[in-house]
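Below: one structure, written as structure tokens.
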Protein chains: 2
Amino acid sequence: MALRYAVLGLLSKAEMSGYDLTQRFTQEVSHFWNAHHTQIYRELQKLEDEGLLHHQVVEQSDRPDKKIYSLTDAGLEALLTWLSESPKPPKMKNESLLRVSLFHLIPPERAIAFLEESKRAHQEIISLMNLWKQEHFPDDHPVPQEIGEYLTIEYGTRFVQTWIDWCEFAIGVFSKLR
Amino acid sequence: MALRYAVLGLLSKAEMSGYDLTQRFTQEVSHFWNAHHTQIYRELQKLEDEGLLHHQVVEQSDRPDKKIYSLTDAGLEALLTWLSESPKPPKMKNESLLRVSLFHLIPPERAIAFLEESKRAHQEIISLMNLWKQEHFPDDHPVPQEIGEYLTIEYGTRFVQTWIDWCEFAIGVFSKLR
DNA sequence: GAATCATATGTGAGTTTGCACATATGGACG
DNA sequence: CGTCCATATGTGCAAACTCACATATGATTC
């Protein structure tokens, strides 16, 4: 039920195509939401059927034509209504932690290797996030219209850094066991 | 596809009923996985059909009878195989951050109220987690068999604390705007 | 000239998940 | 005696999601 509001939310900032939305979901927005492109196209169809969106076809010469979607008044209203509701408690699904919870089943060396690899991967992610931050907020100071992006990317980096720090902690715990 | 391994994982530590599993999912395991009880009962059925589990009915006089599930050899093998595979990158779904990304649409007072409430709720959660920690690891030192639980609860508290700290940061940003 | 890539939009089929509802036992509480 | 609570296990249906596959355009690359 929340994907629709992620879509409406992105479209409230700028009208765009399903392809553009897919890019956003795999890039800027990926640290708090994700969706497969097939799901996005179906959701756009549904939202248009409900009158929350409409689209216009843009013909392109060098690329395939595209459909640019934008919010209707009803769409903006639905988004604002949802924003005023209280959020449900989040439902965690962390496959890495699920594996960690079973680390008593494998030798410490394997556990350490897993953690080292995870740490390395997240260090790469945080580098990319920091680059994005510097590009978009070079003065570390958002304009009011971009405050949401500023705060969510800030949370994103803190979240990843917490994981990296915890990996080091966990590696330390296993190292003492060996 | 990962719920099955969460179930097999819990059963690898101790045999138990679907009801017991449901309790675990809403308590100890809730900081990294969740599942509705209807989903658990269906998964148990499926895993048994595949020969990864079997059960025995335990008759009780003061309560309804129950089915105690335990791993078969094939079940343990499947779990170990999965543990040796590399994890897929996590797919984030954070409804609170989705709302935050749209905070330019609401007045700063409402944004601050949202963040204050979220912070308060997470402070309650972290209190409960710390109590649990003190009960299970009073010396802050796990036995090898419990290292997974020790590390995951440690991550859980760090994760929640990161959210609380970020809430304070975000409240500060909005306060300057007002 | 062929193969590949980025752009662009989808369908069909299956799996996973969530929600409402159903059923049953025995203890506790008023 | 009735109601509620914790225990215990499910079904039916709908929504959300994933994966494989399908199609088309024009630019780039070999």
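In what follows, chains carry the letters A, B, and so on, assigned in the order in which the sequence lines appear, proteins first and then strands, with residues in each chain numbered from 1.
- In this entry the distance linking CD of B:Gln56 with P of D:dA8 reads 15 Å, nearest Å.
- Ring-plane geometry between B:Trp163 and B:His122 is classed as tilted, the angle between the planes lying from 30 to 60 degrees on a 0 to 90 degree scale.
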N/O donor to acceptor pairs below 3.5 angstrom from side-chain atoms of residues 78-88 of chain B, sequence neighbours left out:
| residue | atom | partner | partner atom | Å |
| --- | --- | --- | --- | --- |
| B:Thr81 | OG1 | B:Glu77 | O | 2.9 |
| B:Ser84 | OG | B:Thr81 | O | 2.7 |

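- If you take CD1 on A:Ile147 and CZ on B:Phe174, they are separated by 4.0 Å, rounding to the nearest 0.5 Å.
- Proximity of A:Lys46 to the phosphate of D:dA16: a side-chain N or O atom is located under 4.0 Å from OP1 or OP2.
- Sorted by first and then second residue, the pairs that involve residues 15-42 of chain B and meet salt bridge (charged side-chain N to carboxylate O under 4.0 Å, His left out), not counting sequence neighbours, are B:Arg24-B:Glu28.
- Side-chain atoms of B:Asn130 and B:Gln134 form no donor-acceptor pair, as typed in the model, at a separation below 3.5 Å.
- Atom-to-atom, CZ of B:Arg4 to C1' of C:dT16 comes out at 12 Å; the value is rounded to the nearest Å.
- Aromatic rings from B:Tyr155 and B:Phe32 are positioned such that their centres are separated by 6.0 Å or more.
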Heavy atoms under 4.0 Å is the rule here; annotate nucleotides 19-30 of chain D 5' to 3' with B where the base is hit, S where only the sugar-phosphate is, and - elsewhere. BB---BBS----
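- Rounded to whole Å, atom C1' of C:dT9 lies 9 Å from atom OH of A:Tyr69.
- Ring orientation note: the planes of B:Phe169 and A:Tyr150 are tilted relative to one another, at an angle of 30° to 60°.
- For A:Glu48 and A:His55, the side-chain atoms include at least one donor-acceptor pair closer than 3.5 Å.
- Residues from residues 76-85 of chain B with heavy atoms under 4.0 angstrom of DNA chain D: there are none.
- Spacing between atom NZ of A:Lys66 and atom C1' of C:dA6 amounts to 13 Å, rounded to whole angstrom units.
- Look at B:Tyr41 and you'll find a side-chain N or O under 4.0 angstrom from OP1 or OP2 of D:dT9.
- Comparing C:dG10, C:dT16, C:dG18 against the side chain of B:Asn34 picks out C:dG18 as the nearest.
- Of all the heavy atoms in B:Leu115 and B:Ala170, the pair that sits closest is CD1-CB, 3.7 Å.
- If you take CH2 of B:Trp33 and C1' of C:dT16, they are 11 Å apart, rounded to a whole angstrom.
- Scanning residues 12-26 of chain A for heavy-atom distances under 4.0 Å to DNA chain D yields an empty list.
- For the pair B:Arg63 and B:Tyr19, the cation-pi criterion (under 6.0 Å, within 45° of the ring axis) is not fulfilled.
- Between A:His104 and B:Ser12, the shortest heavy-atom contact is NE2-OG, 4.4 Å.
- Contact annotation: B:Lys93 does not reach the phosphate of D:dA16 (side-chain N/O to OP1 or OP2, under 4.0 Å).
- Going from atom CD1 of A:Ile40 over to atom P of D:dA16 covers 15 Å, rounded to whole Å.
- Summarising the hydrophobic clusters (Ile, Leu, Val, Met, Phe, Trp, Tyr; side-chain heavy atoms under 4.5 Å, direct or chained), the residues clustered with A:Val57 are none.
- Between A:Tyr5 atom OH and D:dA15 atom P the separation is 14 Å, expressed in whole Å.
- Regarding A:Glu43, its CD atom lies at a distance of 14 Å from the P atom of C:dG10, rounded to whole Å.
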